[in-house]
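Worth knowing before you read on, the calculation uses all heavy atoms, side chains too, and leaves out hydrogens, waters and symmetry mates. In this chain, residues are counted from 1 in sequence order.
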Amino acid sequence: MKIAVTYDNGQIFQHFGHTETFKVYEVEGKEIRSSQIIGTNGTGHGALATLLRDLGARVLICGGIGAGAQNALAEAGVQLFGGVTGDADAAVQAYLDGTLAYNPNVQCSHHGEHGHGEGHSCGHHEGGHSCGGHCGSH
């Protein structure tokens, strides 16, 4: 199996869509067999999911990642473990050991909801938009 990590100087790079390199690990059981650093050649966001799929990666460990990229990874069949910081090699070993600390609800900080807390429902429509009965009130 192959595991990819957003990579920068030994550490997990914290913005998936801007990563310039992945470190791709070939693992067998709970053991790292080999690894290599792969450049993204300036490919960004959704196209990175295709790159990972083409590399044969089944798992991605990364820092922050936006919803669009998360969806692209899911469509590419790559399992995401986001919100991870620190040493890339240690994170992969922790994943293999079943002890990786990650955030299943990770988002890039600049992809936040920007004030769309309570009161935000069904888009930015003004006027008589009724949401077709899909806003939770019947």
(message) Please find the pair of heavy atoms, one from Thr21 and one from Gly39, that lie closest to each other, and give the distance.
(response) CG2-CA, 4.1 Å
(request) List the atom of Ala49, the atom of Phe16, and the distance in Å for their closest heavy-atom pair. (result) N-CZ, 4.3 Å
(message) Please give me the minimum heavy-atom distance between Ala57 and Val78, naming the atom from each residue.
(response) O-CG2, 3.5 Å
(message) Test of understanding: with side chain to side chain contact (heavy atoms under 4.5 Å, CB included), list the residues that count as partners of Asn71, not counting sequence neighbours.
(response) none
(message) With rounding to the nearest 0.5 angstrom, report the CD to CG distance, Gln14 to Asp8.
(response) 10.0 Å
(request) Could you tell me whether a side-chain N or O of Gln70 sits under 3.5 Å from a main-chain N or O of Leu80, the two making a donor and an acceptor? (result) no
(request) Scan for salt bridge (Lys or Arg N to Asp or Glu O under 4.0 Å) pairs involving residues 51-68, sequence neighbours excluded, and state none if there are none. (result) none
(message) If you count heavy atoms of other groups shown closer than 6.0 angstrom to CD of Glu20, is the number above 12?
(response) no
(request) With side chain to side chain contact (heavy atoms under 4.5 Å, CB included) as the test, would you mind laying out the steps for Leu73 and Ile65 before giving the verdict? (result) CA-CA 10 Å; Leu73 286 168; Ile65 183 168; 3.4 Å; yes
(request) Considering only Ile, Leu, Val, Met, Phe, Trp and Tyr, and joining two whenever side-chain heavy atoms are under 4.5 Å apart, list the other residues clustered with Tyr7. (result) Ile37
(message) Looking at Thr40 and Thr19, would you say the former's side chain and the latter's main chain have a donor-acceptor pair under 3.5 Å?
(response) yes
(message) Under the salt bridge (Lys or Arg N to Asp or Glu O under 4.0 Å) definition, can you give me all pairs with a residue in residues 25-37, not counting sequence neighbours?
(response) Glu28-Arg33, Glu31-Arg33
(message) According to salt bridge (Lys or Arg N to Asp or Glu O under 4.0 Å), does anything in residues 73-98 pair up with another residue at least two apart or in another chain? List the pairs.
(response) Lys23-Asp89
(request) List, by chain and then residue number, the residues other than Tyr95 in its hydrophobic cluster (Ile/Leu/Val/Met/Phe/Trp/Tyr, side-chain heavy atoms under 4.5 Å); write none if there are no others. (result) Met1, Ile3, Val5, Ile12, Tyr25, Val27, Ile32, Val59, Ile61, Phe81, Val84, Val92, Leu96, Leu100, Tyr102
